[in-house]
*Asks:* 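Here it is: the structure, laid out below.
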Amino acid sequence: MAKSFSGADDGVAKPQGVADPYLTGQLLIAMPAMADPRFAQTVVYLCAHTQEGAMGLVLNRPIVKPTFDELLKQLNVEPSPPARQIRLCAGGPVANARGFVLHTTDWTGEGSLRVDDRMALTASLDVLKVIAEGGGPRSCILALGYAGWGPGQLDREIQENAWLSVPADETLLFDPDHDTKWRRALGKLRIDPLLLSDVAGHA
């Protein structure tokens, strides 16, 4: 089995049940009245959403340190400096020492988990080695940590108007314009966040 960034399996929910009527592969958009400051104005890609719970990656919390080069040095991944750079983000408050690469499915390796036909998640060092050598998937982002929900928890939060959902697209997933990503995600629903502020939290 390919070695993960952390060198251990911490029981992360695996993307299964892609064909079931849940929100796997969708974007979650935090409502303006989101009470949890960790998720205020976040855009989250849902890698898994089943009866057992949900797991996703926050896309618009960029990480300045460590840089990709520094992370590769910590993990003893060559070459240094790498032939290719990818962006790092804080994927969520759970297991934030563990890395996950969300990427297009034009490249997959041992241990890659397909979210849907377009996206996959890889938590092994293999993907970092390939990227450092200049190859790997066409588009990708490296998240440190993830967001997790227990059985039924995300469903309740959606019913309580904490989140909206929208189909994912590669621009919102991978572009570097983090400051506008939340507003642009709402724009896919033709929603002005200023109009939501007064009604958020009311069913």
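Note that the structure is a prediction, hence the values are computed from the model and not measured. Position 1 is the first residue of the sequence; numbering continues from there.
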*Asks:* At what distance, to the nearest 0.5 angstrom, does CG of Leu144 lie from CG of Asn96?
*Replies:* 8.0 Å

*Asks:* Any salt bridge (charged side-chain N to carboxylate O under 4.0 Å, His left out) pairs touching residues 39-60, not counting sequence neighbours?
*Replies:* none

*Asks:* Which residues satisfy the salt bridge (Lys or Arg N to Asp or Glu O under 4.0 Å) test with Arg184, sequence neighbours excluded?
*Replies:* Asp175

*Asks:* Quick check for you: to the nearest 0.5 Å, what is the distance between Leu23 atom CG and Leu154 atom CG?
*Replies:* 6.5 Å

*Asks:* Any side-chain heavy atom of Tyr146 sitting closer than 4.5 Å to one from Val58?
*Replies:* no

*Asks:* With heavy-atom distances below 4.5 Å as the criterion, would you say the side chains of Met119 and Tyr45 are in contact?
*Replies:* yes

*Asks:* With respect to Leu59, which candidate in Leu172, Leu28, Leu102, Val44 satisfies the side chain to side chain contact (heavy atoms under 4.5 Å, CB included) definition?
*Replies:* Leu102

*Asks:* Return the set of residues passing side-chain contact (heavy atoms from CB on, under 4.5 Å) with Lys129 (not counting sequence neighbours), or none when no residue passes.
*Replies:* Val77, Leu125

*Asks:* Considering all heavy atoms of both residues, which atom of Ala185 and which atom of Val43 are nearest to each other, and what is their separation?
*Replies:* CB-CG2, 4.0 Å

*Asks:* Can you name the residues that form a salt bridge (Lys or Arg N to Asp or Glu O under 4.0 Å) with Glu133, not counting sequence neighbours?
*Replies:* none

*Asks:* Does a side-chain heavy-atom distance below 4.5 Å link Leu128 with Leu75?
*Replies:* yes

*Asks:* Within the supplied structure, the quantity of interest is the number of heavy atoms (other residues, nucleotides, ligands) at a distance under 6.0 Å from Lys73 NZ; does it exceed 12?
*Replies:* no

*Asks:* So, for Pro151 and Arg156, which heavy atoms are closest and what is the spacing to 0.1 Å?
*Replies:* O-NH1, 3.9 Å

*Asks:* Any sub-3.5 Å donor-acceptor pair from Arg84's side-chain atoms to Gly135's backbone N or O?
*Replies:* yes

*Asks:* Output the distance between atom OG1 (Thr104) and atom CG (Leu173), rounded to the nearest 0.5 Å.
*Replies:* 10.0 Å

*Asks:* Taking the side chain as C-beta and beyond, is there a heavy-atom pair between Leu57 and Cys47 under 4.5 Å?
*Replies:* yes

*Asks:* Give me the atom names and distance for the closest heavy-atom approach of Ser112 to Trp107.
*Replies:* OG-CZ3, 4.0 Å

*Asks:* Could you verify whether a donor N or O on one side chain and an acceptor N or O on the other, from Thr122 and His103, lie under 3.5 Å apart?
*Replies:* yes

*Asks:* Any non-hydrogen side-chain atom of Val166 less than 4.5 Å from a side-chain atom of Ile29?
*Replies:* yes

*Asks:* With side chain to side chain contact (heavy atoms under 4.5 Å, CB included) as the criterion, how do Asp117 and Thr105 come out once you've worked through the C-alpha distance, each side chain's angles and the decisive distance to 0.1 Å?
*Replies:* CA-CA 7 Å; Asp117 291 339; Thr105 53; 5.9 Å; no

*Asks:* Taking Asp106 for the side chain and Arg138 for the main chain, is one N or O donor matched with an acceptor at less than 3.5 Å?
*Replies:* yes

*Asks:* Considering only heavy atoms from C-beta outward, does the side chain of Trp149 approach that of His49 to under 4.5 Å?
*Replies:* no

*Asks:* Do Asp169 and Lys188 have side-chain heavy atoms sitting under 4.5 Å apart?
*Replies:* yes

*Asks:* In a table with atom names and distances, give each donor-acceptor pair under 3.5 Å that connects a side chain of residues 30-40 to protein atoms at least two apart or in another chain.
*Replies:*
from  : atom 1 : to    : atom 2 : distance (Å)
Asp36 : OD1    : Arg38 : N      : 3.0
Asp36 : OD1    : Arg38 : NE     : 3.1
Asp36 : OD2    : Arg38 : NE     : 3.2
Asp36 : OD2    : Arg38 : NH2    : 2.7

*Asks:* Could you tell me the separation between the CG atom of Asp179 and the CD atom of Gln41, rounded to the nearest 0.5 Å?
*Replies:* 10.0 Å

*Asks:* If you take all heavy atoms of Pro137 and Cys140, which pair is closest and at what distance?
*Replies:* CG-CB, 4.0 Å

*Asks:* Which residues pass the ring pair (Phe, Tyr, Trp, His ring centres under 6.0 Å) test with Trp182, sequence neighbours left out?
*Replies:* none

*Asks:* If you measure from CG on Leu189 to CG on Leu27, what distance do you get to the nearest 0.5 Å?
*Replies:* 10.0 Å

*Asks:* CG of Leu46 to CD of Gln26: how many Å apart, nearest 0.5 Å?
*Replies:* 8.0 Å

*Asks:* Check step by step if side chain to side chain contact (heavy atoms under 4.5 Å, CB included) holds for Leu142 and Leu71.
*Replies:* CA-CA 11 Å; Leu142 171 56; Leu71 182 65; 3.2 Å; yes

*Asks:* With heavy-atom distances below 4.5 Å as the criterion, would you say the side chains of Ile86 and Ile141 are in contact?
*Replies:* no

*Asks:* List the atom of Gly25, the atom of Ala168, and the distance in Å for their closest heavy-atom pair.
*Replies:* O-CB, 3.5 Å

*Asks:* Is it true that Asp69 and Thr67 share a donor-acceptor pair across their side chains at a distance under 3.5 Å?
*Replies:* no

*Asks:* Could you tell me whether the side chain of Glu160 and the main chain of Ala162 form a donor-acceptor pair under 3.5 Å?
*Replies:* no

*Asks:* Which heavy atom in Pro93 sits nearest to a heavy atom in Ala147, and how many Å separate them?
*Replies:* CD-CA, 4.3 Å

